[in-house]
Amino acid sequence: MLKPITKHISLLCLLSSSVPQLACAEFTLNFQPQNTGVIVPQIVRGDNKIITGQTPYLVAGLNDLPELVTDPDTGLIYYHLIVGSEADGFIQETYIQAGYDPGIYQGGTSSAVGGAGDASGGNGRDPLGSDLLFTANAQATPKRVLVRQIVSDGEIHMEYLKDRYDRKALISQSISTSKINTDFSIDMRNSSYDDANTVGAIENVLSLSGTAQGAFDMANDVQDSTVTGGRYTYTDGPDYGGARGSYDYIDGHYDHNNQNWEVYFDINQDNPWAYDENKPTQ
């Protein structure tokens, strides 16, 4: 089970930064440090106590800071984060464009780490809370982030890949056992966040063996299909760089502000928590 890291990471699949320019080049998502960063299975608390045996993640420099890298084509600075390991069945890598203040992921309260650093303790105090002023969960624009995440147990393999700033993601899943093999993917990288008309490219193949033999290939066997995957937009919000925007799908609005982030926390795991008063109990 993944042990949540609460000091610097906050639901990164929807995070990014708020510098107004978009970079032209993309980094390579290969789960490797870029500079002098190292991947360690420990965290350092605010009181400098080291807690070992944690989910590995990338750190650089003093005080458990993320690795900073520079896009050579634009000169823009990015935070580089890696969480987990492929050997453990979960790993995530993220590049987040740095904010106008180099000390934070973004500018202002609607940033990748919310109000961290202010008197409230910000994201570090209540990372899964509902007060977006402090947590900023899901508040940043997806146009300023790269993400690759893999979840695998040897039979089921799932990958989320967003390798271009101005394009949507590729989502894929495969199952490989002695009785069933499936390959599913939807590649939405053929559209930008301003395009609600382009449908993602879908592959959906299944084969059964043993007593329940059979096969299905969506490319040839589908009789009646309406694909809506990829048909959504992100509209920039009022905060710096377009943060605090909105998502609209072809069949309706998605309220990403109304989510219960605490369901992602496993209370049965021995997870360190910076401020115990906000630690979920059920």
Side-chain angles (χ1 to χ4, degrees), residues 1-5 8-17 22-23 26-32 34 39 55-58 66 78-97 105 112 127-128 136-176 182-193 195-196 198-205 218 227-234 245 247-249 254 256 259-261 263-266:
M1 176 63 66
L2 174 70
K3 306 178 183 69
I5 296 174
H8 299 296
I9 315 293
S10 179
L11 300 174
L12 294 174
C13 282
L14 293 178
L15 299 181
S16 63
S17 82
L22 290 181
E26 278 81 20
F27 294 99
T28 300
L29 295 162
N30 58 7
F31 305 120
Q32 297 298 319
Q34 284 276 340
I39 299 175
T55 298
Y57 73 112
L58 178 65
Y78 291 78
Y79 287 95
H80 183 207
L81 301 99
I82 301 173
V83 182
S85 71
E86 290 187 87
D88 291 337
F90 175 92
I91 190 166
Q92 183 187 89
E93 180 175 21
T94 307
Y95 287 91
I96 305 174
Q97 191 177 326
Y105 293 100
L128 303 180
N137 289 332
Q139 291 302 290
T141 167
K143 301 174 185 178
R144 307 173 189 280
V145 62
L146 302 179
V147 180
R148 185 184 182 193
Q149 176 177 293
I150 293 177
V151 179
S152 178
D153 66 359
E155 292 185 345
I156 299 176
H157 181 94
M158 297 181 290
E159 181 169 357
Y160 177 94
L161 177 64
K162 184 182 182 300
D163 55 1
R164 294 181 60 183
Y165 298 107
D166 63 340
R167 297 296 171 122
K168 298 163 189 172
L170 163 66
I171 301 174
S172 59
Q173 175 180 297
S174 64
I175 302 174
S176 180
T182 70
D183 284 291
F184 172 85
S185 66
I186 178 165
D187 193 346
M188 299 175 287
R189 295 176 297 179
N190 57 358
S191 66
S192 71
Y193 284 95
D195 180 359
T198 303
V199 175
I202 289 184
E203 176 186 1
N204 189 4
V205 180
M218 185 174 176
V227 178
T228 60
R231 300 192 63 184
Y232 68 95
T233 60
Y234 175 83
Y247 291 89
D248 288 284
Y249 290 75
Y254 170 64
H256 61 291
Q259 302 298 320
N260 178 14
W261 303 111
V263 299
Y264 297 100
F265 181 80
D266 188 349

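Reckoned from all heavy atoms, side chains included, excluding hydrogens, waters and symmetry mates. Counting from 1, the numbers follow the sequence of the chain as shown.
Glu159 meets the salt bridge (charged side-chain N to carboxylate O under 4.0 Å, His left out) test with Arg148; sequence neighbours excluded. For the side-chain contact (heavy atoms from CB on, under 4.5 Å) test, residues two or more places apart in sequence or in another chain that qualify with Val199 are Val227, Arg231. Listed by chain and residue number, Asn30 satisfy the side-chain contact (heavy atoms from CB on, under 4.5 Å) test with Thr28 (two or more places apart in sequence, or in another chain). Legend: residues meeting salt bridge (charged side-chain N to carboxylate O under 4.0 Å, His left out) with Asp163, ordered by chain and number and at least two apart, are Arg189. The side-chain contact (heavy atoms from CB on, under 4.5 Å) test applied to Asp183 returns Ser174, Glu203, not counting sequence neighbours. The side-chain contact (heavy atoms from CB on, under 4.5 Å) check on Tyr249 picks up Tyr232, Tyr247, Asp251, Tyr254, with sequence neighbours excluded.
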For Ile171 and Phe184, what are the C-alpha separation, side-chain angles and deciding distance, and is it a side chain to side chain contact (heavy atoms under 4.5 Å, CB included)?
CA-CA 8 Å; Ile171 301 174; Phe184 172 85; 5.7 Å; no
Under the side chain to side chain contact (heavy atoms under 4.5 Å, CB included) rule, what do Phe90 and Thr55 come out as? Steps first, then yes or no, please.
CA-CA 10 Å; Phe90 175 92; Thr55 298; 5.5 Å; no
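For the pair Phe265 and Leu128, the tightest heavy-atom approach, listed with the atom from each and the gap, is CB-CD1, 3.7 Å. Closest of all the heavy-atom pairs between Tyr234 and Gly245 is OH-N, 2.9 Å. Nearest heavy-atom pair, Ala196 versus Thr233, reported as atom, atom and distance to 0.1 Å: CB-CG2, 3.6 Å. Counting all heavy atoms, side chain and backbone alike, Gly230 lies closest to Ser191 at O-OG, 4.0 Å. Minimum heavy-atom separation, Ile39 to Pro56: CG2-CB, 3.7 Å. Considering all non-hydrogen atoms of both residues, Ile150 and Phe31 come closest at CD1-CE1, 3.8 Å.
Contact check for Leu58 versus Leu81: no side-chain heavy atoms found under the 4.5 Å cut-off. No side-chain heavy atom of Val151 sits less than 4.5 Å from a side-chain heavy atom of Tyr160. Between Tyr165 and Leu146, some side-chain heavy-atom pair lies under the 4.5 Å cut-off. In this structure, Ile91 and Glu93 have side chains that are not in contact, with every pair of non-hydrogen atoms separated by 4.5 Å or more. Considering only heavy atoms from C-beta on, Met188 stays 4.5 Å or farther from Arg167 through its side chain. Here the side chains of Gln34 and Tyr95 are in contact, with some heavy-atom distance below 4.5 Å.
Lys162 contributes atom NZ, which lies 14.5 Å from atom CD of Gln149 (distance to the nearest 0.5 angstrom). The distance from atom OG of Ser152 to atom CD of Gln173, rounded to the nearest 0.5 Å, is 11.0 Å. Considering NE2 of His157 and OG1 of Thr182, their distance stands at 12.0 Å, rounded to 0.5 Å. To the nearest 0.5 Å, atom CG of residue Asn204 and atom OG of residue Ser185 are 8.5 Å apart.
Not a single donor-acceptor pair under 3.5 Å links the side chain of Lys168 to the backbone N or O of Leu170.
Between the side chains of Asp195 and Ser192, no donor-acceptor pair is found at a separation under 3.5 Å.
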